[in-house]
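Just so we're on the same page: letters track the sequence lines, and every chain starts at 1.
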There are 2 protein chains.
Amino acid sequence: MSNYLLILAYDGTDFHGWQSQPDARTVQDELESALGKLFAPGIRATAAGRTDAGVHALALPVNFVSGIERPTDVVMRALNALLPDDLRVMECRRVPDGFSARFNALSRTYRYLVSCEPVFNPIERRYLWHLPVELNWESVHNSLSLLAGEHDFTSFRGSGCVSKTPIRRMISAEAVFIGENRFALRFQATGFLKQMVRSIVGTVVEIGKGDRPVSDMALLLERPDRAAAGRTAPAHGLYFVCAEYPELFNE
Amino acid sequence: MSNYLLILAYDGTDFHGWQSQPDARTVQDELESALGKLFAPGIRATAAGRTDAGVHALALPVNFVSGIERPTDVVMRALNALLPDDLRVMECRRVPDGFSARFNALSRTYRYLVSCEPVFNPIERRYLWHLPVELNWESVHNSLSLLAGEHDFTSFRGSGCVSKTPIRRMISAEAVFIGENRFALRFQATGFLKQMVRSIVGTVVEIGKGDRPVSDMALLLERPDRAAAGRTAPAHGLYFVCAEYPELFNE
């Protein structure tokens with residue numbers, strides 16, 4: 001059997017997220033349908049993360065297994081010819097038997113883009129959260145710094161989350177300026193609960209606006225209470241950036 | 001009477017260009033409909049350039065006249081509340097009586113974005129021309145440099161062009177690298193004929209690919225022949241960048 005790793009990029013706007021669903025257009029269904037044509041029907045693809053409806057991906061690792069061996073450059077070209085133009089295979093390579101893009105990932109990185117400009121070019125409207133307000137940067141930084149470490153993230157867990165445990169280790173959470181009045185909130189963790197990043201971003205923004213104190217972030221981590229978190233930030237500002245694997249699986 | 005200048009940005013994807021048309025969604029119609037609600041019905045807006053269907057704008061100057069005087073910050077906010085989200089007013093200010101965004105413009109600048117990457121992130125697919133080939137940069141630069149100066153641009157004139165004369169003065173035409181395998185072709189001229197930039201870009205690309213010699217560019221300028229030019233490049237890579245005015249009209 002051959003184990004293939006794909007690195008996917010997609011525009012989440014018109015997808016109902018990664019995971020296969022009846023009666024909705026999903027990334028997994030589009031990909032598995034193309035794999036069915038190129039290899040054999042019934043191939044299942046495993047992703048390093050399951051993005052929600054509207055969330056974008058810059059480099060999502062996905063693997064699948066097939067008894068058919070094909071050169072990776074041919075696989076990449078053929079899939080890009082079969083896939084719709086809002087979903088692209090950026091890389092394809094062979095990985096060892098047993099490798100799983102999901103279970104071998106050490107961590108995942110997400111990025112959330114925010115523009116605080118009064119107005120901005122509409123070609124970006126589907127790709128960042130437009131929040132024309134002034135934020136207190138000290139509060140934003142301070143609230144993000146409280147997230148590092150192992151915590152019970154129940155307060156930031158979306159309804160319908162199927163994870164066995166709400167415990168995750170946040171490796172880093174930081175705000176990076178990417179232009180005047182623009183910033184990216186970058187999160188790296190061992191894993192994420194459903195809507196966790198968007199719920200954290202919503203809370204950080206409420207703290208940055210001065211609507212609630214920085215200490216609320218510590219409280220939300222200490223006393224799990226979904227109702228006490230901030231409003232979930234919109235999906236279209238969120239990107240799955242990449243996943244990190246043990247040295248063994250890197251080239 | 002008050003003369004207002006607006007600086008517009010829009011995502012050209014879902015517009016049938018700037019100019020008002022029956023049975024098609026155009027930027028002018030959307031803007032004039034909003035102006036009709038905010039000021040009075042029947043206001044006509046004049047733009048520095050008429051973009052074609054699918055062409056984007058970063059900062060298109062447009063002016064209109066009304067007997068009603070309103071603060072410019074109120075006009076900007078109210079228009080942005082009335083306009084669809086793929087069309088934004090980035091600036092609004094008062095200009096002297098008699099000023100015309102069209103007739104007083106000394107020059108216009110367009111930019112055409114090309115990616116020669118094998119694959120690229122699909123969130124950019126509507127905003128640049130994907131051309132996964134290798135181009136000869138010396139040929140690209142040399143063919144662009146032949147465009148500077150006053151010429152008869154009939155060879156690059158789209159059908160249905162209503163300009164009185166095909167003579168234009170190209171102030172500059174250059175290729176700028178904006179990342180690995182990505183470049184912008186930037187054109188500044190006193191004015192442009194219909195589809196002139198896209199027709200020039202199509203020709204430059206054929207020269208860069210080695211399909212025709214650099215000397216073809218000189219020939220096309222010397223002997224007007226529409227049929228001899230390259231294929232018109234797609235609209236979605238093109239941006240109206242800005243227009244330049246005499247010192248008098250600047251702040």
Other residues, nucleotides and ligands only: do more than 12 of their heavy atoms fall within 6.0 Å of [atom1] on [X]?
| X | atom1 | result |
| --- | --- | --- |
| B:Q21 | CD | yes |
| B:R231 | CZ | no |
| B:R94 | CZ | yes |

Taking the side chain as every heavy atom from C-beta outward, state whether A:D11 and B:R126 have any atom pair closer than 4.5 Å. yes
Validation row: B:E91, A:V119 side chains within 4.5 angstrom (heavy atoms): no
Sequence neighbours excluded, which residues qualify as side chain to side chain donor-acceptor pair (under 3.5 Å) partners of B:R108?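 Not a single residue meets the side chain to side chain donor-acceptor pair (under 3.5 Å) criterion with B:R108.
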Let me know if [X] has heavy atoms under 4.5 Å from chain A in its side chain, its backbone, both or neither.
| X | answer |
| --- | --- |
| B:A57 | backbone |
| B:L87 | backbone |
| B:D86 | both |

How close do A:P122 and B:A9 get, heavy atom to heavy atom, and via which atoms?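 Looks like CG-O, 3.4 Å.
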Distance check, rounded to the nearest 0.5 Å: A:N121 atom CG versus B:Y239 atom OH?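 Separation between the atoms: 8.0 Å.
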Picking from A:R88, A:E117, A:M90, which has the most non-hydrogen pairs under 4.5 angstrom with chain B? A:M90
Solution key, residues 39-51 of chain A side-chain donor-acceptor pairs under 3.5 Å, sequence neighbours excluded:
from: A:R44; atom 1: NH1; to: A:E32; atom 2: OE1; distance (Å): 3.2
from: A:T51; atom 1: OG1; to: A:Y10; atom 2: OH; distance (Å): 2.7

Measure A:N80 against the heavy atoms of chain B and call it side chain, backbone, both or neither at under 4.5 Å.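 Just the side chain, heavy atoms under 4.5 Å.
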